[in-house]
There are 2 protein chains.
Amino acid sequence: MARTREFDLDAAVDAAMDVFRSKGYEGTSMRDLSEATGLGSGSIYAAFGSKDGLYLAVLDLYRQRYATPMVDLLRSGNDARAVIREVFIGTVDDITGDGRHLSCLIVGASMERAHQDVRVAERLRSTTQSLELALYDLLAEAQLRGQITTDRSATDLAGFLVTSLQGLRVMGAINPDRAALTRYAEVALTCLD
Amino acid sequence: MARTREFDLDAAVDAAMDVFRSKGYEGTSMRDLSEATGLGSGSIYAAFGSKDGLYLAVLDLYRQRYATPMVDLLRSGNDARAVIREVFIGTVDDITGDGRHLSCLIVGASMERAHQDVRVAERLRSTTQSLELALYDLLAEAQLRGQITTDRSATDLAGFLVTSLQGLRVMGAINPDRAALTRYAEVALTCLD
DNA sequence: CGCTATCTGGAACGATCGTCAAAGTATCGC
DNA sequence: GCGATACTTTGACGATCGTTCCAGATAGCG
């Protein structure tokens, strides 16, 4: 019928993600995105419609790549304390992983885009809620087994843990000190005692 | 000698702060700042040199207005638990205070500007460090008096509390639910037990 | 009351913004 | 191999960006 698309859509979104993470939404120009993806601006507009459209695609990929595995890990059926610690350590690793200063797209979007674009706000709420819910199920079960404190509701504990994860992202952006962030995470985990 | 400056510099910085808080750095144009301050662009450039210069002035005012009083409160000599709770409640109030969606300049700057402008990064580190230090002094004293746990060092506890405050800012931007944020803050405070 | 130094607002600068139309190119069914 | 179709590239669009400059306004000094 016609000419087939030559580039990999997912790879383009992937490349765009790095740019948005390091420069933010407003700080990123379509020319930046053209260079990073290797596509002409026409191709980008054909595939995503607009800069906003590409940003939303990036946000969805980010959620799929980082949030979903986290939820899966929490629902893997392993020991509650162990998997939660793993999630925290994984987050610290992600923050201090390389020197490329790629800040968290979720936190960045919360600050820069949530108040401007309702579709971004919806995605952010959905992401944090699914994370909170996975934590809730895990914590409620652990409470029944007497493995963690029952002084606080599983709902509050889950929300607190997500809050701590977001806080680590911010602190990591200010000072990417892996050892310090790890210790802060350890303190957060003591709230389960 | 000559004509005197007609406008109040601090008032201009104040007005500019609201714009930066609601639109971010890149999302704010000089025209936005002109309208908000009521100044011509010439006056702004004469007073601050550049958009960056005005942003730094805004950041300094923000630190002076929010961080400094917080540190003063922590050093007021009152009961550790009480003042720390007061700081957390004050932060939640600030987040959910009005419907104007003014996000925290510190967190916003961490995400959007810290990696681009070294002067911003320095100010952010200085602000969090002075906050951590005030908390450290307060917590170390409380530990000596046996008022809080000694399972964790005062350094780690202080860093954790600042992390939690930053996390509350992010969560508040995603979902400004005062009751929920308050409960998350309460959980964070249980780490002192 | 001029003179002059400084401040003020706004016009105008080149550069870059997000967007899109048009031309060129490659692929498929026939 | 040819027409039809869809993708890619290019460059230019008007708007807006941060910045600068300039003419007019205003205050203190002699």
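Computed from heavy atoms alone, side chains included, the values below leave out hydrogens, waters and symmetry copies. Predicted, not measured: the structure shown is a model, and the values here were computed from it. Proteins come first, then strands; the chains are lettered A, B, ... in the order of their sequence lines, and each starts at number 1.
Protein atom CG of A:Leu54 is 16 Å distant from nucleotide atom C1' of C:dC17, rounded to whole Å. Rounded to whole Å, the distance from CZ on A:Phe48 to C1' on C:dC20 is 17 Å. Whole-Å rounding puts the B:Glu26 CD to C:dG18 P distance at 10 Å. Distance OH (A:Tyr45) to P (C:dC20): 7 Å, rounded to an integer number of Å. D:dC7 atom C1' lies 12 Å from atom CG of A:Leu9, rounded to whole Å. Atom P of nucleotide D:dC17 and atom CG of B:Leu33 are separated by 10 Å, given to the nearest angstrom. When rounded to the nearest whole Å, the span between NZ of A:Lys51 and C1' of D:dC17 equals 12 Å. At whole-Å resolution of the value, CD in A:Glu35 and P in C:dT16 are 12 Å apart.
For the residue pair B:Arg63 and B:Thr127, a side-chain donor N or O sits within less than 3.5 Å of a side-chain acceptor on the partner.
Not counting sequence neighbours, the partners of B:Thr68 by the side-chain contact (heavy atoms from CB on, under 4.5 Å) test are B:Asp72. In terms of the disulfide bond (SG atoms under 2.5 Å apart) criterion, B:Cys104 has no residue partners (sequence neighbours excluded).
Put simply, the side chain of B:Met17 reaches to within 4.5 Å of the side chain of B:Arg65, judged on heavy atoms.
Residue contacts for A:Ser34: at a heavy-atom cut-off of 4.0 Å it reaches no nucleic acid atom on any strand shown.
The cationic atom of B:Arg21 (NZ for Lys, CZ for Arg) lies less than 6.0 Å from the six-membered ring centre of B:Tyr66 and within 45° of the ring axis. The cationic atom of A:Arg169 (NZ for Lys, CZ for Arg) does not lie both less than 6.0 Å from the six-membered ring centre of A:Phe88 and within 45° of the ring axis.
Between A:Gly42 and A:Asp32, the one whose closest nucleotide on DNA chain C sits nearer the 5' end is A:Asp32.
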Restricting both atoms to N or O, compile the protein contacts to nucleotides 12-15 of chain D shorter than 3.5 Å, with distance only.
none

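At the phosphate of D:dC17, OP1 or OP2 sits under 4.0 Å from a side-chain N or O atom of B:Ser29.
The aromatic rings of A:Tyr25 and A:Phe20 lie parallel to each other, with less than 30° between the two planes, well short of the 60° mark.
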